[in-house]
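What you see below is based on every heavy atom in this structure, not just the backbone, and it leaves out hydrogens, waters and symmetry mates. Remember, predicted model here, so these are calculated numbers, not experimental data.
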Amino acid sequence: MVFSRNHNIIFMLISFLIILATTSLASAGLLPFSSKHVVIINKLVTRQTLIVHCKNKGEDKGVITLGPGDSFDFRFRVNLRKTTVYTCTFTWPGNVATFDIFRADRDDNPKSKVGVCSECIWSIYEPAPCRDRRDGGQPNCFPWAS
């Protein structure tokens, strides 16, 4: 009887967490486990091939080669502590640059100056990576980390 009661409580808790993770509150950055979709587009003005290598602490997305205008995307969920970071290295002829393509504190924080994105679309230019805005406004561009 005790096992059955504990089993039901665990089942209800897991069900509740799944429901929370799939609601709009989660995608708005208000709850943990929000679903994210990162899209990276090669918009190098020089029309060079862009080599992209993205990873976080536990997952390596591999090395991807993008021709001019090509894109690469991946999906994940923000961790419980909201410390998820994906760092990418971008290489094109004569250049190597690094940038955190997703940071929970920047991209999943309603108090961030750039706001929350559930679909984080990044245009990669020589001077800077820029996160496109859903409203079509000026993109948010950031300096390269290196």
Side-chain angles (χ1 to χ4, degrees), residues 6-7 9-146:
N6 288 342
H7 184 270
I9 291 171
I10 291 171
F11 177 77
M12 288 179 6
L13 179 60
I14 290 172
S15 297
F16 177 72
L17 289 173
I18 289 171
I19 290 168
L20 282 178
T22 58
T23 65
S24 61
L25 289 175
S27 63
L30 300 174
L31 297 173
F33 308 120
S34 58
S35 176
K36 300 297 175 183
H37 180 207
V38 169
V39 179
I40 299 168
I41 306 167
N42 175 358
K43 291 197 178 173
L44 297 175
V45 176
T46 56
R47 307 215 22 96
Q48 299 285 342
T49 296
L50 180 66
I51 299 171
V52 182
H53 185 198
C54 299
K55 57 186 175 179
N56 72 3
K57 286 187 213 175
E59 185 176 16
D60 187 329
K61 297 296 183 181
V63 177
I64 308 297
T65 301
L66 300 178
D70 289 348
S71 65
F72 159 65
D73 71 297
F74 59 95
R75 296 175 188 273
F76 60 95
R77 290 196 178 273
V78 175
N79 66 17
L80 180 61
R81 296 182 310 168
K82 297 183 77 138
T83 58
T84 303
V85 176
Y86 275 90
T87 302
C88 299
T89 301
F90 297 91
T91 307
W92 64 96
N95 296 279
V96 176
T98 303
F99 181 71
D100 290 337
I101 208 73
F102 182 86
R103 296 186 57 87
D105 62 341
R106 178 190 67 214
D107 302 311
D108 194 47
N109 180 350
K111 295 178 182 176
S112 160
K113 71 174 186 160
V114 295
V116 173
C117 61
S118 56
E119 184 173 47
C120 309
I121 301 171
W122 289 91
S123 295
I124 306 303
Y125 299 98
E126 290 88 341
C130 299
R131 194 176 99 190
D132 295 341
R133 291 179 37 172
R134 301 285 295 175
D135 65 6
Q138 284 291 99
N140 294 301
C141 298
F142 298 85
W144 292 109
S146 62

Please tell me if the side chains of [X] and [Y] come closer than 4.5 Å, counting only heavy atoms from C-beta onward.
{"X": "Phe142", "Y": "Asn140", "value": "yes"}
{"X": "Ile64", "Y": "Ile51", "value": "no"}
{"X": "His37", "Y": "Val39", "value": "yes"}
{"X": "Lys82", "Y": "Asp108", "value": "yes"}
{"X": "Thr65", "Y": "Thr49", "value": "yes"}
{"X": "Ile41", "Y": "Trp122", "value": "no"}

Nearest non-hydrogen partners of [X] and [Y], listed with the distance:
{"X": "Arg133", "Y": "Pro139", "value": "CG-CA, 4.3 Å"}
{"X": "Asp135", "Y": "Gly137", "value": "OD1-N, 2.8 Å"}
{"X": "Gly62", "Y": "His53", "value": "O-CD2, 3.2 Å"}

Looking at [X] and [Y], would you say the former's side chain and the latter's main chain have a donor-acceptor pair under 3.5 Å?
{"X": "Lys36", "Y": "Arg75", "result": "no"}
{"X": "Thr84", "Y": "Asn79", "result": "yes"}
{"X": "Asn42", "Y": "Leu44", "result": "yes"}

Set out, in order, the CA-CA distance, both residues' side-chain angles and the distance that settles side chain to side chain contact (heavy atoms under 4.5 Å, CB included) for Leu66 and Val52, then state yes or no. CA-CA 8 Å; Leu66 300 178; Val52 182; 3.9 Å; yes
Which residues pass the salt bridge (Lys or Arg N to Asp or Glu O under 4.0 Å) test with Arg134, sequence neighbours left out? Glu119
Restricting to pairs with a member in residues 87-96, which pass salt bridge (Lys or Arg N to Asp or Glu O under 4.0 Å), not counting sequence neighbours?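 Passing the test, one end in residues 87-96: no pairs.
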Test the Arg131-Phe102 pair against the cation-pi criterion, namely NZ or CZ under 6.0 angstrom from the six-membered ring centroid and within 45° of the ring axis. no
CD1/Ile40 to SG/Cys120 distance, rounded to the nearest 0.5 angstrom?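 Nearest 0.5 Å value for the CD1-SG distance: 10.5 Å.
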From Cys130 atom SG to Ile121 atom CD1, the distance as rounded to the nearest 0.5 Å: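 One gets 13.0 Å once the value is rounded to the nearest 0.5 Å.
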Side chain to side chain contact (heavy atoms under 4.5 Å, CB included) between Phe76 and Val38: does it pass, once the steps are laid out? CA-CA 9 Å; Phe76 60 95; Val38 169; 3.7 Å; yes
Trace of the side chain to side chain contact (heavy atoms under 4.5 Å, CB included) decision for Val85 with Arg103: CA-CA 5 Å; Val85 176; Arg103 296 186 57 87; 4.2 Å; yes
Which donor-acceptor pairs under 3.5 Å do side chains of residues 86-94 form with protein atoms, sequence neighbours excluded?
from  : atom 1 : to     : atom 2 : distance (Å)
Tyr86 : OH     : Asn56  : ND2    : 3.2
Tyr86 : OH     : Glu59  : OE1    : 2.8
Thr87 : OG1    : Asp100 : OD1    : 2.6

Report yes if the distance between the aromatic ring centroids of Tyr125 and Trp144 is under 6.0 Å, otherwise no. no
